[in-house]
Amino acid sequence: MSNLSPADREYLENALRMHNGYVHNFSDKTFSEFFNEFGINIDDTKYLINGTSKANRMRAFWKLDDNNTVGTIILELAGLVRNEELRYPRNVLFSPQMEKIANKLLHMPNKTITTKTEVPVVSSDKELSIIIKPAIYNHVRKFLDVEDYFHALEESYKIVRKRLRDITGSERATDAFAEKNFPIIFGHSPKDEVERDFFSGIKFLHMALQCFRNEKAHDLAKQIDKNIAIHYLAVASLAYDLITRAKKK
């Protein structure tokens with residue numbers, strides 16, 4: 001996430017003539033090609049959170065990517081604008097200020113993602129907090145920052161499935177939680193029927209997450225209520241936590 005200020009964003013929107021959904025004089029094709037030169041797929045779904053227009057994708061890019069990346073792109077855009085100003089002299093020159101904005105970002109350190117073991121995501125007026133495991137939170141934070149809860153949930157489910165696969169060799173809960181894998185996942189076989197039921201509960205929790213993930217994977221991106229999203233995210237965090245505790249011992 002970049003440190004681009006609201007004032008600088010507004011200036012860039014004016015300089016790049018973004019108010020009607022356009023960016024500079026790019027077509028859809030040349031806009032994608034411009035970003036591809038820097039190894040960025042501006043057509044990726046993560047940049048479509050505000051809409052599919054070039055201007056909306058640019059705004060999402062400013063929010064999601066780091067200072068160095070955003071600064072580099074702005075500096076290159078300033079060069080394009082400067083060349084146009086040379087060809088068609090104007091009373092107002094946008095390129096010098098664009099270059100200042102770019103260089104300001106390039107000299108800022110990138111925002112670092114927290115590595116705390118507990119990350120409070122939401123709290124109520126009674127100071128009740130929900131804690132998300134860092135392995136999940138650090139991966140989905142860029143989506144949470146822009147309130148893209150659909151992709152935050154989809155990615156959180158992928159992290160849980162990958163962790164299950166790393167431990168057992170399979171990401172399908174029905175296969176991963178075969179009884180022969182209990183010692184691998186939990187550090188030991190169930191000691192009694194109560195613990196066997198608990199292990200089965202964790203299995204069904206992972207099965208539920210995989211069903212939730214399949215629903216997201218086969219559906220178009222859509223708005224998800226923040227409160228519901230946090231509940232789902234907490235379930236993913238719990239599922240991840242319950243299969244990693246034995247590895248910490």
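Any value given below was found using the heavy atoms of this structure, including those in side chains, with hydrogens, waters and symmetry copies removed.
Rounding to the nearest 0.5 Å gives a distance of 5.0 Å between CD1 of I224 and CG of L153. In this structure, CD on E155 lies 9.5 Å from NZ on K46, to the nearest 0.5 angstrom. H24 contributes atom NE2, which lies 13.0 Å from atom CE of M18 (distance to the nearest 0.5 angstrom). Atom CD1 in I243 sits 14.5 Å away from atom NZ in K203 (nearest 0.5 Å). Atom OG of S156 sits about 13.5 Å away from atom OH of Y137, to the nearest 0.5 Å. For the atom pair K63 NZ and R9 CZ, the distance stands at 7.0 Å (nearest 0.5 Å).
Between F94 and Y11, the ring-plane angle classifies as perpendicular under the 30° and 60° cut-offs. Using cut-offs of 30° and 60° for the angle between ring planes, the Y232 and F212 rings count as perpendicular.
In this structure, A176 and S170 approach most closely via the heavy-atom pair CB-O, 3.5 Å. R17 and E84 make their closest contact through NH1-OE1, 3.8 Å (heavy atoms, listed as atom of the first residue, atom of the second, distance). In terms of heavy atoms, A15 sits closest to M98 at CB-SD, 3.8 Å. Scanning both residues, I184 and I167, for their nearest heavy atoms gives CG2-O, 3.2 Å. Contact detail for L209 and A239: the closest heavy-atom pair is CD1-CB, 3.3 Å. Across E13 and R59, no two heavy atoms sit closer than the pair OE2-NE, 2.7 Å.
Not a single ring pair (Phe, Tyr, Trp, His ring centres under 6.0 Å) links Y240 to another residue, sequence neighbours left out. Partners of D44 under the salt bridge (charged side-chain N to carboxylate O under 4.0 Å, His left out) rule, at least two apart in sequence or in another chain, do not exist in this structure.
Using a 4.5 Å heavy-atom threshold, the side chains of L164 and H206 count as touching. Looking at heavy atoms from C-beta onward, F177 lies in side-chain contact with F186 at the 4.5 angstrom threshold. The shortest side-chain heavy-atom distance between L80 and F26 falls under the 4.5 Å cut-off. Contact annotation: the side chain of M58 approaches that of F31 to within less than 4.5 Å [non-hydrogen atoms, C-beta and beyond]. Side-chain contact check for L64 versus D145: every heavy-atom pair is 4.5 Å or farther apart. Put simply, the side chain of I101 reaches to within 4.5 Å of the side chain of L4, judged on heavy atoms. Side-chain contact check for I228 versus Y149: every heavy-atom pair is 4.5 Å or farther apart. The shortest distance between side-chain heavy atoms of K158 and H139 does not fall below 4.5 Å.
At distances below 3.5 Å, at least one donor-acceptor pair connects side-chain atoms of T72 with backbone N or O atoms of N68. Listed for the H231 side chain is a donor-acceptor partner under 3.5 Å among the backbone atoms of N227. Using modelled atom types, one side-chain atom of D66 and one backbone atom of T69 make a donor-acceptor pair closer than 3.5 Å. Side chain of D65 to backbone of V70: no donor-acceptor contact under 3.5 angstrom is found. A donor-acceptor distance shorter than 3.5 angstrom exists from the side chain of T244 to the backbone of D241, with no hydrogens or angles considered. At least one donor-acceptor pair closer than 3.5 Å links the side chain of D192 to the backbone N or O of V194. In this structure, the side chain of S32 engages the main chain of D28 through a donor-acceptor pair within 3.5 Å. S237 contributes a side-chain N or O that, together with a main-chain N or O of K133, makes up a donor-acceptor pair within less than 3.5 Å. Remark: side-chain polar atoms of E171 are not paired, donor with acceptor, to backbone N or O of Q210 under 3.5 angstrom.
Counting non-hydrogen atoms of neighbouring residues, nucleotides and ligands closer than 6.0 angstrom, the CG atom of N20 reaches no more than 12 such neighbours. Residue-environment remark: CZ (R165) exceeds the threshold of 12 foreign heavy atoms within 6.0 Å.
Under 4.0 Å is where a charged nitrogen must lie from a carboxylate oxygen, and between R57 and D43 at least one such pair does. Salt-bridge check for E85 with R82: failed, with every basic side-chain N at 4.0 Å or more from each acidic carboxylate O.
Under the 4.5 Å side-chain heavy-atom criterion for ILVMFWY residues, no single connected hydrophobic cluster contains both L75 and L93. Under a hydrophobic-cluster definition in which Ile, Leu, Val, Met, Phe, Trp and Tyr are linked whenever side-chain heavy atoms come within less than 4.5 Å, directly or via other members, I230 and L238 are assigned to the same cluster. The hydrophobic clustering, which links ILVMFWY residues whose side-chain heavy atoms are closer than 4.5 Å, places F38 and L77 together. Note on V146: it clusters hydrophobically with I42, by side-chain heavy-atom contacts below 4.5 Å among ILVMFWY residues. Under the 4.5 Å side-chain heavy-atom criterion for Ile, Leu, Val, Met, Phe, Trp and Tyr, F182 and L242 are members of the same hydrophobic cluster.
Sorted by first then second residue, the ring-ring contact (aromatic ring centres under 6.0 Å, His included) pairs that include residues 44-64, not counting sequence neighbours, are F35-F61.
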| said: Set out, in order, the CA-CA distance, both residues' side-chain angles and the distance that settles side chain to side chain contact (heavy atoms under 4.5 Å, CB included) for I159 and V140, then state yes or no. | reply: CA-CA 10 Å; I159 290 292; V140 306; 5.7 Å; no
| query | Where do H107 and N67 land on the side-chain hydrogen bond (donor to acceptor under 3.5 Å, both in side chains) test, with the steps shown first? | reply | CA-CA 8 Å; H107 287 87; N67 290 328; over 6 Å; no
| field | Candidate pair L16 and V81, rule side chain to side chain contact (heavy atoms under 4.5 Å, CB included), full reasoning | value | CA-CA 8 Å; L16 296 170; V81 171; 4.2 Å; yes
